[in-house]
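First the structure, in the form of structure tokens, and then the observations on it.
Each chain gets a letter, A, B and so on, in the order the sequences are listed, and its residues count up from 1. Atom set for the values below is all heavy atoms of this structure, side chains included, hydrogens, waters and symmetry mates excluded.
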Number of protein chains: 2
Amino acid sequence: MDAKENLITSAQALLWERGYVGMSPKAIQQRAGAGQGSMYHHFSGKAALALAAIQRSAAEMQAQIDAELNFQGTALAQITAFLQRERDVLRGCRMGRLAQDPEIIALEELRQPVDEIFSGLQQRLIDVLDSGQANHEFLYVFETADLAAMIVSVLQGAYVVARAENSEVPFKRAMSGLLFTLGTLTKPAI
Amino acid sequence: MDAKENLITSAQALLWERGYVGMSPKAIQQRAGAGQGSMYHHFSGKAALALAAIQRSAAEMQAQIDAELNFQGTALAQITAFLQRERDVLRGCRMGRLAQDPEIIALEELRQPVDEIFSGLQQRLIDVLDSGQANHEFLYVFETADLAAMIVSVLQGAYVVARAENSEVPFKRAMSGLLFTLGTLTKPAI
DNA sequence: GTCTATAAAACGATAGAC
DNA sequence: GTCTATCGTTTTATAGAC
């Protein structure tokens, strides 16, 4: 087993569960099955290890997003598929979790990967919506950047509300509401 | 100055900024200008003080929501006014912040006030949307619970994305996108 | 009610042996 | 590379004087 790898995956899990503030070096080491010496040999400290873990998580998410929003089918079909993929709702979003952490937000280098995921996802959605506009899939001309920001926000907010209520129900409702409203943009009222 | 009051408002601020995990008794005391003895005289410990602070914050938010969604004007007008009120975007939502905290979610009594705020806000929005449906303000018949969950989620998620990008821009875009889509539900395509 | 003293454990890291 | 020992600080209290 590669201790350095174990430390990174361990930190990834703890950042997801407890955030930067709630993650201690000791907890990382125990979960990784590594000692103090090992951790401080591979990383200069908690911040450096967290950076490696965040970058890894960001890369994993980016790969998933790239695979999902792949420009096949209509804009609505792509976005629907993206929104309906299986998610561990009550666990929340790895990146959204970090956006709430005061230390992540305070340290530019830790916030940057989080920023890039959200900026990149929005741009991807803008591209999809723009192609939908070009193909006249929508009944309206709209600011695609606004719709993209709204879609990402529904997803992030639905995780938040689900955790608050300790239930997947509000998440599913928010997705249904979003898919309904997006649907009305493509077909006229009855 | 009432030390007990100072301790509660101090804990409210720290919960907002740093969450339960990131808030230490010492920090609460310093911000409140109170000593150890004072805090432990008024509260049995960190959890008890946090509960008082969360309940206070929840009550304040509930009062604000009640004042804002007050059944005057059309459903769209009420929701628009609610969404457009001034917000300290980069500070985020007090309650949404707590929903991400592992210790808040783990302790039923700490999560409950957070749950109630979100459940209550959704119910309020459902009532507003139902009255809009009854008055035939919309072009569509839809599941008002789904739309309510979506609206609350956009708001919560927009805070998250704004913090991730350290910018109010995505928040404003999400609001614009939401108001546009809600608008299309009330008037036909051109 | 508030103060100061005390304390066991955890935090975040360093040092040096192996 | 990993281990153990050590370190100063912070955490989350408790105890008892005032």
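- Defined by atom type and a distance below 3.5 Å, a donor-acceptor pair is missing between the side-chain atoms of A:E137 and A:Q133.
- Residues A:Q122 and B:E165 bring a donor and an acceptor atom of their side chains to less than 3.5 Å of each other.
- To the nearest angstrom, P of C:dG1 lies 12 Å from CZ of B:F43.
- Distance alone, capped at 3.5 Å, is enough to place a donor-acceptor pair between the B:W16 side chain and the B:G92 backbone.
- In this structure, A:K4 places its NZ atom 11 Å from P of D:dT2, rounding to the nearest Å.
- Between B:H42 and C:dT2 there is a side-chain N or O to OP1 or OP2 distance below 4.0 Å.
- The separation between B:L49 atom CG and D:dT12 atom P is 12 Å, rounded to whole Å.
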So which protein N/O to nucleotides 11-18 of chain C N/O distances come out below 3.5 Å?
from, atom 1, to, atom 2, distance (Å)
C:dG12, OP1, A:K46, NZ, 3.2
C:dA13, OP2, A:Y40, OH, 3.3
C:dA13, OP2, A:K46, N, 3.1
C:dA13, N6, A:Q36, NE2, 2.2

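- Atoms CG (B:D2) and C1' (C:dT2) sit 13 Å apart, rounded to a whole Å.
- Between the side chains of B:S10 and B:N6, no donor N or O sits under 3.5 Å from an acceptor N or O.
- At whole-Å resolution of the value, CG in A:N6 and P in D:dG1 are 14 Å apart.
- No side-chain N or O of A:Q78 forms a donor-acceptor pair with one of A:Q72 less than 3.5 Å apart.
- In this structure, B:F142 and A:F180 have tilted ring planes: the angle between them lies in the 30° to 60° band.
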